[in-house]
Amino acid sequence: MLTRLISGDRPRSIVLTIILLAILIGLALAPFLFPGIRSLETAARICIFIVLVASYDLMLGYGGIVSFAHTMFFGMGAYGVALASVHMGRGFDALIVGTLAGAVAAAVLALLIGLFSLRVRAIFFAMITLAVASAVAVLVSQLSSLTGGEDGLNYQIPRALTPAFKFADGRLFDVSLNGKLLNYYLVFFSALILFLLLLRIVNSPFGRVLQAIRENDFRAEAIGYRVVYYRTAATCISAAVAAIAGSLFAIWLRYVGPDTTLSFEIMIDILLMVVIGGMGTMYGAVIGAAVFIIAQNYLQELMAVAASATAKVPVLPLFFDPDRWLLWLGVLFVLSVYFFPTGIVGRLRQGR
Amino acid sequence: MADAILETSDLTVRFGGHVAVDHVSCAFRAGELTAIVGPNGAGKTTYFNLISGQIRASAGRVFLNRHEITRMPVAERTHRGIGRAFQLTNLFPNLTVLENVRLVIQAQRHRGFRLFSMADSDSAISDAAAAVLKRVRLDALAAQKVSELSHGNQRKLEVALLIALDPLVYMFDEPTAGMSVDDAPVVLDLIAELKADSRRAILLVEHKMDVIRSLADRIVVLHNGALAADGPPAEVMASDVVQEAYLGRDLADV
């Protein structure tokens, strides 16, 4: 049963299993284990980025397709929910319509880009996605009457998903039972289902064809697979899932803006998460997203502690100044890529 | 030539000013094994590439069962019955031996776009793949990664993929290149077995004269991209021009 749920794709390493279970339990019980607004924000962000990174891994790690438009698809889902909520008024129907519209639009755009450029060469596809993504980002910030421009959009989501809504009196383990909690579990379970769905897709006949194409596209074609169709299909699925992740993000944040959903920085974050976690493993997305986002959010604190602990030592506190957190994040990445060229998951599976 | 499965008519390809395959017209019948010989650079592999579609023809046409396939994409030709093995081993190195064969059968049965079932849950495909592996004596290595196989076993797997395709036209490009004396007979026996099936045509690019002598029903000689001789082995080998120009040196090598 459990094996079926994970599509027979076992972690194949005891350490990896433990880490994955720890992340799963940590996220499932985040509101109770780590009370506080900030930790819940972090947990929700991890859930959403697991889906986003896993969908990118379907393309890059399984299909061998390099795309720079993943945040564009993410943003399409987010703006779908935002625009639907602004124009249809607050309500679950707006969320559903917005999510579906965003996912369909993302898949259609991916189809167009794919059919147009994937038949030529993989590098051409990468360039096209870069161009289209930049164009869309500019468009979104310019069309301020529709998209709110650089300021983005604020909108209301159904009351049942906001802190103002109390679905039960009292508190459970000192956590108030409000709509925010419901909202978190909406994000968590949606992310879990989407991740399991992606895990199934990569272990399906289709997933095997993608792996074959990544291994040797020339031969895949020669044994009878139209490589361009498979690559395009993978791109469309990946885009639709990324858009749904974007919708979840929009529902969670109650705000969309170019910086939070479309920026190129997020694209680079996604790439780093895939590489750190381990390409072509799906589980790498879970670990990559968790490690990266926790580091992004808590490295500064950790450094403040280190700085005060070393306050009496000359020079050292300068290195641990919380303002230099980005430097250390960079060092961490360089080290992790150097020591784990196949990602954390790849490393753990080798060391089995 | 009523029973020609595969036919090329005036097939030509130019790379810049160089004519690699020059107006080659040739028909291949079912139940016949044709050895294609010629010195290096004669255009044998290029001729193969034109038939299986990796290279597009500059002029001329290719027919499979009288249907023109000259402009068809590679995968489409494969579905119609062209089965091509490659000179340099050309497999999926990080997948298992079984998975390599499974992928071929899955392609033949058009199951590639199944998204939500498990890849290894289709027992009909897995069984068929296992049967093919047994035929090429690789069943003991089914769970191995291809990159961990010896060169000889990789060549066998190359043949296995072709058998799994079950094509109308088998195209072997030096199937025993670099194989040990122990492994080569396994592959040659397999080709001899395939030959027994009278519904298929087999094309074989080969340098080794003993292989040609034991397997070929017919020899086609290419020289500078053009058809230089075509006929029964004894006749072609005996012809003075061919003997001196192409086969003499190969005979000395054997």
Side-chain angles (χ1 to χ4, degrees), chain A residues 3-10 55 58 61-64 107 118-119 193-194 196-234 236-238 240-241 279-281 342 346 349-350, chain B residues 48-49 52-54 72-86 88-96 98-122 125-126 145-147 157-158 160-162 164-167 171 173:
Chain A
T3 327
R4 271 187 72 81
L5 210 57
I6 59 168
S7 305
D9 196 341
R10 294 164 199 276
S55 66
L58 173 70
Y62 286 85
L118 276 176
R119 58 174 69 242
I193 291 167
L194 286 168
L196 291 177
L197 185 76
L198 286 170
L199 198 59
R200 170 51 64 95
I201 290 176
V202 299
N203 286 292
S204 70
F206 176 76
R208 289 297 145 80
V209 179
L210 287 185
Q211 288 175 49
I213 291 172
R214 178 194 62 191
E215 293 276 309
N216 188 345
D217 55 352
F218 176 82
R219 191 61 192 266
E221 183 86 28
I223 61 174
Y225 295 112
R226 291 299 306 278
V227 168
V228 59
Y229 295 162
Y230 283 88
R231 283 199 166 136
T232 305
C236 290
I237 296 168
S238 172
V241 174
M279 268 195 281
T281 60
T342 49
R349 281 180 172 173
Q350 279 163 14
Chain B
F48 261 31
N49 282 335
S52 56
Q54 274 81 17
M72 237 177 230
V74 175
E76 185 61 35
R77 295 179 200 221
T78 304
H79 282 291
R80 299 236 173 175
I82 298 277
R84 168 86 194 268
F86 293 88
L88 300 170
T89 303
N90 207 323
L91 302 158
F92 306 107
N94 288 310
L95 302 180
T96 64
L98 181 69
E99 199 59 56
N100 270 259
V101 181
R102 271 182 38 77
L103 277 162
V104 174
I105 295 171
Q106 183 183 291
Q108 278 308 83
R109 303 187 181 183
H110 298 275
R111 299 286 160 82
F113 268 109
R114 302 227 162 157
L115 286 160
F116 305 113
S117 68
M118 292 285 299
D120 41 18
S121 69
D122 194 328
I125 292 181
S126 300
K145 251 194 191 183
V146 169
S147 57
L157 183 57
E158 183 79 43
L161 294 197
L162 213 56
L165 266 182
D166 192 23
M171 303 172 72
D173 198 347

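Just so it is clear, the model here is predicted, and its values are computed rather than measured.
For the set B:Gly83, B:Pro167, B:Gly112, B:Gly53, the count of heavy-atom pairs under 4.5 angstrom toward chain A peaks at B:Gly112. With chain A as the partner, the residue from B:Glu158, B:Arg102, B:Arg111 showing the most heavy-atom pairs under 4.5 Å is B:Glu158.
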Could you pull out every donor-acceptor pair under 3.5 Å between side chains of residues 223-230 of chain A and any protein atom, sequence neighbours left out?
unit_1   : atom_1 : unit_2   : atom_2 : d
A:Tyr225 : OH     : B:Leu103 : O      : 2.4
A:Tyr225 : OH     : B:Gln106 : NE2    : 3.4
A:Tyr225 : OH     : B:Ala107 : N      : 3.0

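At a 4.5 Å heavy-atom cutoff, B:Ser52 makes no contact with chain A through either its backbone or its side chain. Looking at B:Arg114, both its backbone and its side chain come within 4.5 Å of chain A, counting heavy atoms on both sides.
Taken from CZ in B:Phe116 to CG in A:Asn203, the straight-line distance is 13.0 Å, to the nearest 0.5 Å. The line from CD of A:Glu221 to OG1 of B:Thr78 is 7.5 Å long, rounded to the nearest 0.5 Å. Atom-to-atom distance recorded for B:Arg84:CZ and A:Arg219:CZ is 9.0 Å, nearest 0.5 angstrom. The line from CD of A:Gln211 to CG of B:Asn94 is 9.5 Å long, rounded to the nearest 0.5 Å.
In this structure, A:Asn216 contributes its side chain and B:Phe92 its backbone to no donor-acceptor pair below 3.5 Å.
Applying the side-chain contact (heavy atoms from CB on, under 4.5 Å) rule to B:Leu115 yields the partners A:Ile201, A:Phe206, A:Ile237; only residues at least two apart in sequence or on another chain are considered.
The two residues A:Pro205 and B:Ser117 come nearest to each other via the heavy atoms CD-O, 3.4 Å.
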